Protein chains: 2
Amino acid sequence: MDLKDRIIETSLTLFEQHGFHGVTVNQIVSESGTSKGGFYHHFQSKDELLFVIHDYFISYVLTKAKETIETNDHPTEKMQKIIKSFVKVFDIYKPHISVFYQESIYLKPQYVDAIKEKRQSYKAVLFDVIREGIEKREFRSELPVEITVMSILGMVNWSYKWYKKDGEKTIEEIADIYVDLILHSLLTEQTKKDARFKEYFLENHLTASKK
Amino acid sequence: MDLKDRIIETSLTLFEQHGFHGVTVNQIVSESGTSKGGFYHHFQSKDELLFVIHDYFISYVLTKAKETIETNDHPTEKMQKIIKSFVKVFDIYKPHISVFYQESIYLKPQYVDAIKEKRQSYKAVLFDVIREGIEKREFRSELPVEITVMSILGMVNWSYKWYKKDGEKTIEEIADIYVDLILHSLLTEQTKKDARFKEYFLENHLTASKK
DNA sequence: CTTGACAGACCAACCAGTCGGTCTCAGTGC
DNA sequence: GCACTGAGACCGACTGGTTGGTCTGTCAAG
């Protein structure tokens with residue numbers, strides 16, 4: 001791991017704990033075992049560092065989501081895969097995500113456009129899946145697409161506020177719960193009975209408690 | 001409106017736009033038409049101002065939620081009322097909420113405990129409703145209480161990132177959609193058929209599009 | 001000898017907070 | 001009715017510490 005990465009990793013941890021403005025360049029520098037010179041050799045400014053962190057994460061997530069929808073799956077399957085893959089990102093990128101949602105307000109104007117665009121693309125992916133789901137009668141037709149997308153995003157994204165790696169539930173379990181909740185909201189009664197999607201519901205899991 | 005309130009209102013707007021550290025006391029002072037002296041006459045420090053904003057909002061929401069559950073309603077009704085009342089808070093207190101979730105990381109240690117306690121109480125209210133719902137067989141028994149609470153909180157709280165007062169949908173409409181989504185995730189098939197709860201679902205609203 | 005990676009002393013700007021001062025007004029004594 | 005006093009509300013020039021960023025070097029590799 002070279003110096004640049006070490007600086008990023010250190011900053012991530014520090015930013016997550018104390019916020020962008022709660023951390024000085026001197027702290028970053030000393031915790032990553034380098035110097036002002038080392039830092040400014042790799043980054044034009046503290047603001048550029050913030051941008052690099054943002055871009056790194058959003059690019060990764062966006063690529064993953066696009067991969068998922070370029071299949072011939074049913075919308076229900078797509079939704080399940082998107083959610084699972086996104087939730088799993090928390091295990092690796094939680095600090096990135098925290099910084100992404102917590103500190104984006106401090107991104108300098110010159111950087112915001114690049115990030116905004118990718119953010120929009122990510123939302124668009126979800127939009128398309130839901131629209132497709134409604135068209136194909138798998139999802140309830142009375143759902144307003146925009147609000148539904150924002151609800152799903154909110155539910156999943158909020159995890160950054162409380163998810164702990166060594167918590168009671170594994171990331172896989174949490175992802176399964178989200179899938180269950182979301183699909184229960186989205187699917188029509190008809191689709192819920194479809195045997196192909198049975199495995200997505202908690203009540204049919206082997207671990208579920210049955211009376 | 002006296003000076004103290006004017007300072008709070010101005011700060012709220014500024015903090016929401018630029019973040020706590022993106023706003024200087026001088027800015028606050030000049031935008032609220034006062035002076036350094038005026039500011040420090042009412043607040044011990046910039047940090048205290050942040051605390052006052054936090055406390056004001058969380059106290060309000062907590063009181064509202066406690067009022068709601070001190071009824072003899074069914075859990076389903078309670079859940080619906082809590083969600084509706086909380087979502088409606090966005091219309092009045094959106095800046096408070098934004099600052100609450102965005103800047104709490106910068107609260108000084110001396111203030112965090114007071115806020116944390118009220119935050120926990122709020123979660124506890126939701127916990128209780130869900131537990132009661134499961135006990136009374138209105139909510140699905142396979143739901144893990146903690147994650148479900150966090151999902152609901154996430155879904156609703158996330159609104160602060162995108163809700164605009166003059167947006168396409170009114171706050172009432174958004175609240176109704178949340179209620180529909182959440183109840184579809186929570187309720188048992190049996191309970192969904194209960195005529196008393198019919199009005200909570202979008203498909204039974206007068207405005208819903210029917211083929 | 002050149003170039004890229006890194007070191008660290010130094011600087012200028014900024015910003016939260018201070019402090020002596022002014023203005024207004026209610027209360028008090030005569 | 002008037003002069004005096006003191007307290008609370010508010011003013012704004014000033015300061016001292018902090019912080020992002022610079023600049024001159026050093027050194028190892030090629």
Side-chain angles (χ1 to χ4, degrees), chain A residues 1-56 95 99 102-112 115, chain B residues 1-56 95 99 102-112 115:
Chain A
M1 191 148 95
D2 64 3
L3 181 59
K4 185 165 184 178
D5 288 335
R6 233 165 59 227
I7 293 176
I8 294 180
E9 287 304 312
T10 310
S11 306
L12 240 13
T13 317
L14 290 172
F15 288 165
E16 192 185 5
Q17 278 171 37
H18 309 108
F20 183 67
H21 278 96
V23 176
T24 68
V25 176
N26 274 322
Q27 270 175 274
I28 295 171
V29 150
S30 87
E31 290 246 346
S32 34
T34 178
S35 63
K36 277 288 181 74
F39 183 93
Y40 283 97
H41 180 71
H42 290 290
F43 302 97
Q44 281 189 33
S45 63
K46 195 185 172 192
D47 296 297
E48 201 203 61
L49 165 63
L50 187 62
F51 169 72
V52 169
I53 291 173
H54 271 68
D55 193 62
Y56 187 87
V99 173
Q102 199 75 39
E103 314 295 341
S104 59
I105 201 171
Y106 295 122
L107 270 181
K108 285 275 141 66
Q110 53 202 160
Y111 299 123
V112 290
I115 300 296
Chain B
M1 188 149 100
D2 65 4
L3 181 58
K4 187 166 182 177
D5 288 334
R6 234 166 56 228
I7 292 176
I8 293 180
E9 287 304 313
T10 311
S11 306
L12 241 12
T13 316
L14 289 173
F15 288 165
E16 192 185 5
Q17 278 170 37
H18 309 109
F20 183 69
H21 278 96
V23 176
T24 70
V25 175
N26 274 320
Q27 270 175 275
I28 295 170
V29 149
S30 88
E31 291 245 346
S32 35
T34 179
S35 64
K36 274 286 179 75
F39 181 93
Y40 283 96
H41 181 71
H42 290 289
F43 302 97
Q44 281 188 31
S45 62
K46 196 185 171 191
D47 296 298
E48 201 202 61
L49 166 62
L50 186 61
F51 169 72
V52 170
I53 291 175
H54 270 68
D55 193 62
Y56 187 87
V99 173
Q102 200 75 40
E103 315 293 341
S104 59
I105 201 171
Y106 295 122
L107 271 180
K108 285 275 142 67
Q110 52 203 159
Y111 300 123
V112 291
I115 299 296

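Note that this is a predicted model, so its numbers are computed, not measured. Labels below follow one simple rule: chain letters A, B, ... track the order of the sequence lines, proteins then strands, and each chain is numbered from 1.
- Counting heavy atoms from C-beta outward, Q102(A) and F20(A) have side chains that stay 4.5 Å or more apart.
- Contacts between residues 19-41 of chain A and DNA chain C, defined by a heavy-atom separation under 4.0 Å, are made by T34(A), S35(A), K36(A), G37(A), G38(A), H41(A).
- A cation-pi arrangement is absent between K46(A) and F39(A), since the terminal nitrogen or guanidinium carbon is not both under 6.0 Å from the aromatic centre and inside a 45° cone about the axis.
- Rounded to an integer number of Å, the gap from CG of L49(A) to P of dG20(D) is 11 Å.
- Here the closest non-hydrogen pair linking L107(A) and H54(A) is CD1-CD2, 3.7 Å.
- Listed here is the closest heavy atom pair of S11(A) and L49(A): OG-CD2, 3.4 Å.
- We find that CZ of F43(B) is positioned 20 Å from P of dC15(C), with the value rounded to whole Å.
- Between I105(B) and Q17(A), every side-chain heavy-atom pair lies at or beyond the 4.5 Å cut-off.
- We find that CG of D2(B) is positioned 16 Å from P of dG8(D), with the value rounded to whole Å.
- Nucleotide dT22(D) holds its C1' atom 17 Å from the NZ atom of K46(A), rounded to whole Å.
- In this structure, Y106(A) and D47(A) have side chains that are not in contact, with every pair of non-hydrogen atoms separated by 4.5 Å or more.
- Rounded to whole Å, the distance from NZ on K4(A) to P on dA5(C) is 11 Å.
- When rounded to the nearest whole Å, the span between CD of Q44(B) and P of dG17(C) equals 10 Å.
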A correct 5'-to-3' footprint of nucleotides 25-30 of chain D, with B, S and - meaning base, sugar-phosphate only and no protein heavy atom under 4.0 Å, is ------

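- Distance Y106(A) OH to dG20(D) C1': 16 Å, rounded to the nearest Å.
- Smallest separation of non-hydrogen atoms from T10(A) and I28(A): CG2-O, 4.2 Å.
- Residue E48(A) contributes atom CD, which lies 14 Å from atom C1' of dG20(D) at whole-angstrom precision.
- Taking the side chain as every heavy atom from C-beta outward, F15(B) and I53(B) approach each other to under 4.5 Å.
- A donor-acceptor pair under 3.5 Å is formed between the side chain of Q27(A) and the backbone N or O of T24(A).
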